[in-house]
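We count ligands from 1, going down the list as the structure has it; atoms in each ligand are counted the same way. Note that these values count all heavy atoms, side chains included, but never hydrogens, waters or copies made by symmetry. Predicted model only: the values in this text are computed from it and were never measured. Residues take their numbers from the sequence shown, with the count starting at 1.
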Amino acid sequence: MANEVSIGLLGLGVVGSGVLKIIEEHQEDLVHRLGRGVKVEKVLVRNLEKARQVDVDERILTTNSDEVLKNPNIDIIVEVMGGVDDARQYILEALKAKKHVVTANKDLIALHGPELEKVARENGCDLFYEASVGGGIPLLRSVADGLISDRINQVMGIVNGTTNYILTKMTKDGQSYEDALRKAQELGFAEADPTADVEGLDAARKMVILARLSFLTNVELDDVEVKGISDVSLTDIEYGKKLDLTMKLIGFAKRTGQEIEVNVQPTFLADTHPLASVNDEYNAVYVSGEAVGETMFYGPGAGSLPTATAVMADVVEVIKNMILGVNGKKFIRPQFEKKLAPPENRYSQYYIRLKVKDETGAFARISDLFKKLGISFERILQTPREEGYADVIVVTHETSYENFKQALEDLEKLDVVDSIRSHYRVEGDAKR
Ligand code: HSE
């Protein structure tokens, strides 16, 4: 093995620039820790003329993927270009050419992770993707290695910085959804087209990866129920405050026996829940294991240098494996057949806000309906709103998802209920 390990970078955007910077600025530390240097040999870019966020020797830039993927000097390909189709093709090509791959691409791993891991295994190559979830938080390796002897039964997290920033601004500053989104775009958290973030898809992809590693089963994107934050209103956030609840976009993955559920949805957390105080663009993931109990991982979920540290952790692991001659051995193989929990086996508390006719006996009718379904109330709030109507908010005790859906269906038919304004999952002990 040479005294210097050569890397081919696919992409030189926000994360790629960070990788280049860390390799340059921390070269001495890398040499000390690995006993050899790390060098970026070639960088695939779309446009050679584009201004860069980092000083780079222009001779290493290329628009020809062959100069990176077919380069005999390159040992490790680092894919930080994003997108799915080209990235998949390049990674397949790299693995077949026996180059190890590090990627930060959650979309690709969520959609094609098992296929790429198979090809990596067949070619004796490493394929690592620490940076795909939680940016700079050392999360996936903690779940996969740190908790390897445990059985994880729940993973709950704030895994999207853009939506956490928006919800924080709505909650703390009373900003409207539109204003908070605009601010997130100005600060560069949210994309020009923010759909994947605000509609929960980015979080869903990350939860697929987390659930696969946590439950050792082949979770796919279609298994995840997804709801974003674009419907969340300031009114509900304000009612939440009265009930000591904080609104967050939560990725939730739970295993009960062999059954699992994975979803992403705006969720009211008890203010005392550790995730309730994770604000702005920060991410945090709360992992519960049978033996370890409760653990929480917190940090920057995106950004150039934070994400680059996760990419470099993978690069260093590949190099250590090269030194030991053990590449291509470390894969988390599915151990269990996937069984999705049916609605009757999925339990939660719920917040339901109803527009109710302000007349005698209205509340008794509602309470009767819940009683018939065996759903008990934990909290109730009633405020007069428009002329002749009141907002009635109930927070239920735990009930099955099946029961909850039935309650919504029955409430729709109740003549004292004008409409169901909103409903959210509630997590944590909401008792005060
Ligand atoms: N768009 C993501 C977020 C960052 O807002 O968290 C990259 O995963």
Side-chain angles (χ1 to χ4, degrees), residues 10-19 53 78-84 87 102-111 113 128-140 155-170 177 180-213 221 224 226-230 232 247-252 264-267 275 278-286 297-314:
L10 304 179
L12 191 55
V14 174
V15 182
S17 306
V19 170
Q53 297 163 17
V78 172
E79 185 274 305
V80 282
M81 54 188 263
V84 173
V102 170
T103 174
N105 193 328
K106 75 223 149 210
D107 303 2
L108 179 69
I109 295 298
L111 291 170
F128 296 146
Y129 43 88
E130 176 67 59
S132 63
V133 184
I137 309 173
L139 175 62
L140 299 187
V155 180
M156 211 177 124
I158 296 170
V159 289
N160 182 270
T162 303
T163 47
N164 202 36
Y165 177 85
I166 294 171
L167 290 176
T168 302
K169 291 294 158 210
M170 290 173 77
Y177 169 80
L181 171 59
R182 205 170 309 116
K183 187 81 185 149
Q185 283 169 323
E186 277 165 26
L187 290 170
F189 302 138
E191 308 281 335
D193 176 0
T195 315
D197 287 323
V198 299
E199 297 309 339
L201 194 56
D202 175 84
R205 288 166 173 160
K206 291 167 179 166
M207 289 310 294
V208 166
I209 299 171
L210 270 173
R212 270 184 201 147
L213 292 180
L221 201 51
V224 187
V226 189
K227 188 169 184 300
I229 64 160
S230 54
V232 172
M247 178 69 79
K248 295 286 178 192
L249 182 69
I250 293 294
F252 183 79
V264 171
Q265 56 188 303
T267 302
L275 289 173
V278 174
N279 286 321
D280 299 317
E281 71 278 21
Y282 278 87
N283 283 197
V285 178
Y286 195 72
F297 302 86
Y298 170 88
S304 178
L305 288 173
T307 310
T309 63
V311 170
M312 287 308 295
D314 284 346

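- Summarising the geometry, atom CE belonging to Met170 is positioned 10.5 Å from atom CG belonging to Leu181; distances are rounded to the nearest 0.5 Å.
- Closer than 4.0 angstrom to ligand 1 lie heavy atoms from Lys106, Asn160, Gly161, Thr162, Asp197, Asp202, Lys206, Ala302.
- A 4.5 Å side-chain heavy-atom check between Val226 and Glu199 finds every atom pair outside the cut-off.
- Other residues, nucleotides and ligands contribute only 12 or fewer heavy atoms inside 6.0 Å of the NZ atom of Lys183.
- Between Lys248 and Asn279, some side-chain heavy-atom pair lies under the 4.5 Å cut-off.
- By the 4.5 Å heavy-atom criterion applied to side chains, Ile137 and Val285 are not counted as neighbours.
- Inter-residue side-chain proximity for Leu108 and Tyr129 is flagged as unmet; no heavy-atom pair is nearer than 4.5 Å.
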